[in-house]
Number of protein chains: 2
Amino acid sequence: MSAAEETGGEDTPWSEVTPEAARRLLVAAVEAFAERGYHATTTRDIAGRAGMSPAALYIHYKTKEELLHRISRIGHDRALRLLEAAASGDGTAADRLADAVRSFVRWHAERHTTARVVQYELEALGDEHRAEIVGLRRKTDAVVRGIISEGVRAGEFEVPDVPGTTLAVLSLCIDVARWFNAQGSRTPDEVGALYADLVLRMVGAQR
Amino acid sequence: MSAAEETGGEDTPWSEVTPEAARRLLVAAVEAFAERGYHATTTRDIAGRAGMSPAALYIHYKTKEELLHRISRIGHDRALRLLEAAASGDGTAADRLADAVRSFVRWHAERHTTARVVQYELEALGDEHRAEIVGLRRKTDAVVRGIISEGVRAGEFEVPDVPGTTLAVLSLCIDVARWFNAQGSRTPDEVGALYADLVLRMVGAQR
DNA sequence: CCCGAACCTGAGCAAGCGCTTAGAGGCGTC
DNA sequence: GACGCCTCTAAGCGCTTGCTCAGGTTCGGG
């Protein structure tokens with residue numbers, strides 16, 4: 001089992017959120033935001049799903065936007081750590097790229113509810129919060145570009161446009177959150193394997 | 001110039017919408033929906049951008065949702081026609097696939113404002129309208145899967161999972177609408193060329 | 001010159017929004 | 001057993017929302 005897979009299994013997704021009532025509200029918000037979108041979700045809906053009155057929300061969070069920020073922050077952190085774990089593993093660049101894509105995609109499929117909010121509700125954030133998240137996304141981009149660059153330098157990959165290919169690889173992986181359906185015929189593992197193979201083809205790795 | 005490129009140039013994007021006031025409202029709605037999202041856009045904002053009073057909107061459209069449906073319908077029609085033009089061209093499967101991706105991606109980049117609404121605001125549609133649009137998307141999927149299947153049958157491509165690869169190719173192309181920025185360093189043509197190359201790699205075409 | 005149809009506006013309604021406030025209840029501490 | 005602290009609720013405030021409607025303007029045809 002690779003380094004990425006060891007840290008990929010996430011048993012208690014929101015364990016960093018305390019107290020328990022705050023976590024219940026946050027989980028309810030993730031569900032609601034993923035289903036309807038941030039703007040179409042009401043604070044009454046979130047509180048209702050958590051079994052509380054609307055006012056209870058404001059004991060744990062200053063605004064509805066703070067809820068989105070917390071979700072986005074934690075999700076981006078986790079996704080970034082998955083990529084960094086894979087990138088820092090040993091093995092060829094192809095191994096590490098496949099590892100990174102596999103665990104990144106698996107996370108986006110398995111936790112597609114969270115991922116949808118994290119990846120597609122960015123524009124609802126306030127200016128400072130959005131800037132913070134954009135910083136995390138740049139780090140994500142740098143990790144993937146790093147692996148691809150190393151593969152090119154080592155002669156493993158054949159990539160004419162490294163930044164463009166990096167963008168495409170990440171775009172492909174992220175969009176899994178949009179279309180993935182838990183009732184569909186593919187498991188997160190299957191999608192991860194398929195995508196790892198496709199990405200190795202994209203960078204011209206000899207497979 | 002290929003068949004796809006001939007029909008790809010779209011001079012008067014919303015010429016099918018009449019009268020002129022209805023078109024102005026629709027263009028304003030596209031801009032607003034793309035910037036803020038459907039739910040965060042108010043009818044007052046749309047009417048304001050079109051230089052009219054809020055009430056004027058309801059002379060031309062029954063509801064705000066009807067505006068979104070019209071936009072989505074026209075956009076999906078146009079994207080589907082681009083793909084069908086490329087698919088029905090002559091040339092190898094690789095030629096046609098590259099052609100399809102090139103024009104599809106170029107449309108998503110060039111008209112990324114429209115494409116963003118068309119591709120990412122689907123869930124704001126009412127049930128019957130959404131069902132209609134989902135039908136168009138299935139057609140889109142079938143066109144791409146058709147080209148890839150033909151390439152496999154002709155021995156041009158080497159694809160273990162045709163439906164999965166089709167899904168990935170379309171996902172990759174569609175997501176251009178999300179990240180493409182007109183002020184960025186890449187032109188729609190450049191992105192189209194890059195993506196056509198990447199997709200040929202994904203299907204294992206000998207290039 | 002007037003009519004009717006098409007188009008548009010100003011004013012506003014009912015409903016729903018994010019968020020606040022006053023106060024009730026539980027709980028460990030002294 | 002009175003205390004302060006934390007958590008939560010009932011009620012509701014001020015505002016915005018999608019949408020409506022009575023009435024005004026414009027204009028081609030008779």
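Proteins get letters first, then strands, A, B, ... in listed order; numbering begins at 1 in each. Note that the structure is a prediction, hence the values are computed from the model and not measured.
Counting all heavy atoms, side chain and backbone alike, A/Val118 lies closest to A/Ile71 at CG2-O, 3.8 Å.
Across C/dT9, D/dT9, C/dG18, the shortest atom-to-atom separation from the side chain of B/Ala55 is found for C/dT9. Comparing D/dT20, D/dT7, D/dC19 by their nearest atom to the side chain of A/Pro19 picks out D/dT7. Among C/dT9, D/dC19, C/dC8, the nucleotide with an atom closest to any side-chain atom of B/Ala21 is C/dC8.
No more than 12 heavy atoms of other residues, nucleotides or ligands shown are found within 6.0 angstrom of CG on A/Asp90. Other residues, nucleotides and ligands contribute over 12 non-hydrogen atoms within 6.0 Å of the CD atom of B/Glu132. No more than 12 heavy atoms of other residues, nucleotides or ligands lie within 6.0 Å of CD in B/Glu123, so this atom counts as exposed by the packing criterion.
Contact annotation: A/Tyr58 reaches the phosphate of C/dC19 (side-chain N/O to OP1 or OP2, under 4.0 Å). Contact between the side-chain N/O atoms of A/His60 and the OP1/OP2 oxygens of D/dC6 is not found at any separation under 4.0 Å.
Here OG1 of A/Thr63 is found 9.0 Å from CG of A/Leu57. Values are rounded to the nearest 0.5 Å.
Non-hydrogen atoms lying under 4.0 Å from DNA chain D are contributed by nothing in residues 23-30 of chain B. Taken residue by residue, residues 42-50 of chain B places heavy atoms nearer than 4.0 Å to DNA chain D at B/Thr42, B/Thr43, B/Arg44.
A salt bridge links A/Asp45 with A/Arg36: the distance from a Lys NZ or Arg NE/NH1/NH2 to an Asp or Glu carboxylate oxygen falls below 4.0 Å. With salt bridges taken as basic N to acidic carboxylate O contacts below 4.0 Å, none links A/Glu16 and A/Arg73.
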*Output, in order, the C-alpha distance, side-chain angles, deciding distance and verdict of salt bridge (charged side-chain N to carboxylate O under 4.0 Å, His left out) for B/Asp99 and B/Arg102.*
CA-CA 5 Å; B/Asp99 230 40; B/Arg102 204 162 23 234; 3.1 Å; yes
*Should B/Asp141 and B/Arg138 be marked as a salt bridge (charged side-chain N to carboxylate O under 4.0 Å, His left out) after you check the CA-CA gap, both sets of side-chain angles, and the distance that decides it?*
CA-CA 5 Å; B/Asp141 196 83; B/Arg138 259 198 277 273; over 6 Å; no
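Between the C1' atom of C/dA6 and the CD atom of B/Glu20 lies a distance of 15 Å, rounded to the nearest Å. One can place CG of B/Leu57 at 14 Å from C1' of C/dC7, the figure rounded to the nearest angstrom. Distance, B/Tyr61 OH to C/dC8 P: 11 Å, rounded to whole Å. Going from atom CD1 of A/Ile59 over to atom C1' of C/dA22 covers 13 Å, rounded to whole Å. Taking atom CE on A/Met52 and atom C1' on D/dC6, their separation rounds to 13 Å, with Å as the unit. When the P atom of D/dT16 is taken as reference, atom CZ of B/Arg36 falls 14 Å away, rounded to whole Å.
Side-chain atoms of B/Pro19 and B/His60, non-hydrogen and from C-beta on, do get closer than 4.5 Å to each other.
Within the helix from C/dC1-D/dG30 to C/dC27-D/dG4, the inter-axis angle between the opening and closing five-pair segments is 10°, rounded to 10°.
In this structure, B/Lys64 is not positioned above the aromatic face of B/Phe33 in the sense of NZ or CZ being under 6.0 Å from the six-membered ring centre and within 45° of the axis.
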